[in-house]
Amino acid sequence: MTLDEYTQDASSTREERIVLHVDMDCFYASCERRREPELAGEPLVVGMGYEAGKTVGAVATASYEAREYGVESAQAISAALDRLPRKANDPDNPEAGYYRPVDIDYYQNVASEVKEILYELGDTVREVSIDEAYLDVTERTAWEVAEGFGRHVKQRISREVGVPASVGVAPDMSTAKLASDYDKPDGLVVVQPEEVRKFLAPIDIADVHGVGPVRARELRALDIETAGDLADADPYELEAEFGDRGRELRRRARGEDDRPVEPRGDPKSLSRESSFDGATQDFDAVREQAAALGEAVADRASRKNAFYRTIGVKVVTPPYDVHTRAESLPGPVDDPDLVHDVSQGLLDEFADEAVRKVGVRVSNLDFSERDQTSLTGFGGDEPSTGGEDGDADEGDRDWSRDDEREGQASLGEFE
Ligand code: TTP
Ligand code: MG
């Protein structure tokens, strides 16, 4: 088949959704740079275990400058230090880099700011991880101007949040993801519907969505090295080797991924928390922080059309004692003032404590009232609940999937 034939084949069969994939560049490192601008342009490693006396730990991410030295995610920190010594220990060494510990609370807050923008810009949004999401933007733009739209998304994130993103635009999710990865960092790659087959053809088989290392080896044994080879492979042969999965992978390699960009299910609760540097004795600061968190949580609930029947706080005191308190309301509400008053009341008993961390959460969410014009609230028939109190905060958990790798406390633990 010639490229022209591919083209015709693609454009005649594909429905032309416009899918945009956003993946933030060296995300944790970019967050550190946002609050410490001197780190811009420097080799920077974010990870655990590099401090004197510590030997165990891993790299969470490395800036692109640090990647030049061979430092990469999930590497043992000792291997990273071999490749890139610590500037703090070796200030005159021009080949040294900066190391910072993982501060997942801060990255979560930055990620939330990015998400706010994405929800404004997409018809639907599927959050995948702390720094990655798909948007269906079919109704928001057109293929002729899709590049400008992609640039707009990047610029809004960069101007309003201060961190860089790479964006890919394509007619399906799996091509959009490959496109965002294609020209990182600060990339913008638009794959028009008629270009999909040409774009995918040279992609290494291991990078095709759904192909793991084992399957990649098996495919290579059949002389299938690229997505183009896979797209052209005999479907019957693939089916004989790999069953239905073989056909599915061939479809992906042809850009025939018709998965819709679906939001994750409704969350069971919504929470925000933040840490103090060490532990604070300043309870006014704790109150103030809780008020801000409560406002953010109430705002998020209201954007998701979620009513809540339980308002809670979490307070972590040294060494690492987690206290949670919650108050249930007689009926579901969407009421930021109530979140404020209840959470402040629940904090009273901790007024004399040192506080490491404070959080606010709304739970027992209810989405069934979303079409009602007014909410009389308390009393009367109780609508069915959206979920059980105590479940993990699904919305936040999506963006904190990576916490687990670091063994950090995640928002999902806030119960
Ligand atoms: P990625 O998007 O995979 O990586 P990245 O954003 O750092 O770099 P890129 O520009 O290539 O997208 O992951 C997002 C964040 O997740 C990353 O900043 C740190 C965290 N993470 C880990 O903690 N451990 C890991 O092994 C990986 C891959 C990521
Ligand atoms: Mg990323």
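For clarity, every value in this text was computed on a predicted model and none was experimentally measured. Order of listing sets the numbers, starting from 1, for every ligand and every atom in it. Position 1 is the first residue of the sequence, and the numbers go up from there.
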A.B. asks: Number the atoms of ligand 1 from 1 as they appear, then name those within less than 4.0 Å of a heavy atom of A74, with their elements.
C.D. replies: 26 (O)
A.B. asks: Give a yes/no verdict on a cation-pi contact between R356 and Y320, requiring under 6.0 Å between NZ or CZ and the six-membered ring centre and an angle within 45° of the axis.
C.D. replies: no
A.B. asks: I need the contact type for K184 against ligand 1. Using non-hydrogen atoms and a strict under-4.0 Å cut-off, is it side chain, backbone, both or neither?
C.D. replies: side chain
A.B. asks: So, S174 versus H209: side-chain donor-acceptor pair below 3.5 Å or not?
C.D. replies: no
A.B. asks: Is the distance between the ring centroids of F350 and F283 less than 6.0 Å?
C.D. replies: no
A.B. asks: With a cut-off of 4.0 Å, which atoms of ligand 1 are near a heavy atom of T61?
C.D. replies: 5 (P), 7 (O), 17 (C), 18 (O), 19 (C)
A.B. asks: Quick one: does E72 get a heavy atom under 4.0 Å from ligand 1?
C.D. replies: no
A.B. asks: Which ligand 1 atoms, with their elements, are less than 4.0 angstrom from a heavy-atom of Y64?
C.D. replies: 9 (P), 10 (O), 11 (O)
A.B. asks: State the atoms of ligand 1, each with its element, that fall below the 4.0 Å cut-off from a heavy-atom position in C26.
C.D. replies: 5 (P), 6 (O), 7 (O), 8 (O), 9 (P), 10 (O)
A.B. asks: Could you confirm whether M24 has any N/O/S atom lying under 2.8 Å from the Mg ion (ligand 2)?
C.D. replies: yes
A.B. asks: Give me the ring orientation class for F27 and Y107: parallel if the planes are under 30° apart, tilted from 30 to 60°, perpendicular past 60°.
C.D. replies: perpendicular
A.B. asks: Quiz question: by atom type and distance under 3.5 Å, do the side chains of D172 and T175 form a donor-acceptor pair?
C.D. replies: yes
A.B. asks: Where on M48 is there a heavy atom closer than 4.0 Å to ligand 1, on the side chain, on the backbone, on both, or on neither?
C.D. replies: neither
A.B. asks: Tell me whether R245 forms a cation-pi arrangement with F242, defined as NZ or CZ under 6.0 Å from the six-membered ring centre and within 45 degrees of its axis.
C.D. replies: no
A.B. asks: Using atom types as modelled and distance alone, determine if a side-chain donor or acceptor of R300 lies under 3.5 Å from a backbone N or O of L270.
C.D. replies: no
A.B. asks: Would you say ligand 1 has an N or O under 3.5 Å from any N or O of F27?
C.D. replies: yes
A.B. asks: Would you find a donor on one side and an acceptor on the other, under 3.5 Å apart, between the side chain of K154 and the backbone of A165?
C.D. replies: yes
A.B. asks: Can Y134 and E262 be counted as having a side-chain donor-acceptor contact under 3.5 angstrom?
C.D. replies: no
A.B. asks: Counting heavy atoms only, name the option from A60, S73, G47 that's nearest to atom 23 (O) of ligand 1.
C.D. replies: A60
A.B. asks: Does Y107 come within less than 4.0 Å of ligand 1, judged by its heavy atoms?
C.D. replies: no
A.B. asks: Any atoms of ligand 1 less than 4.0 Å from a non-hydrogen atom of D23? List them with their elements.
C.D. replies: 2 (O), 12 (O)
A.B. asks: Consider ligand 1: state whether an atom of it lies below 4.0 angstrom from any non-hydrogen atom of M24.
C.D. replies: yes
A.B. asks: At the Mg ion (ligand 2), what is the angle formed between atom OD1 of D23 and atom OD2 of D131, rounded to the nearest 10°?
C.D. replies: 100°
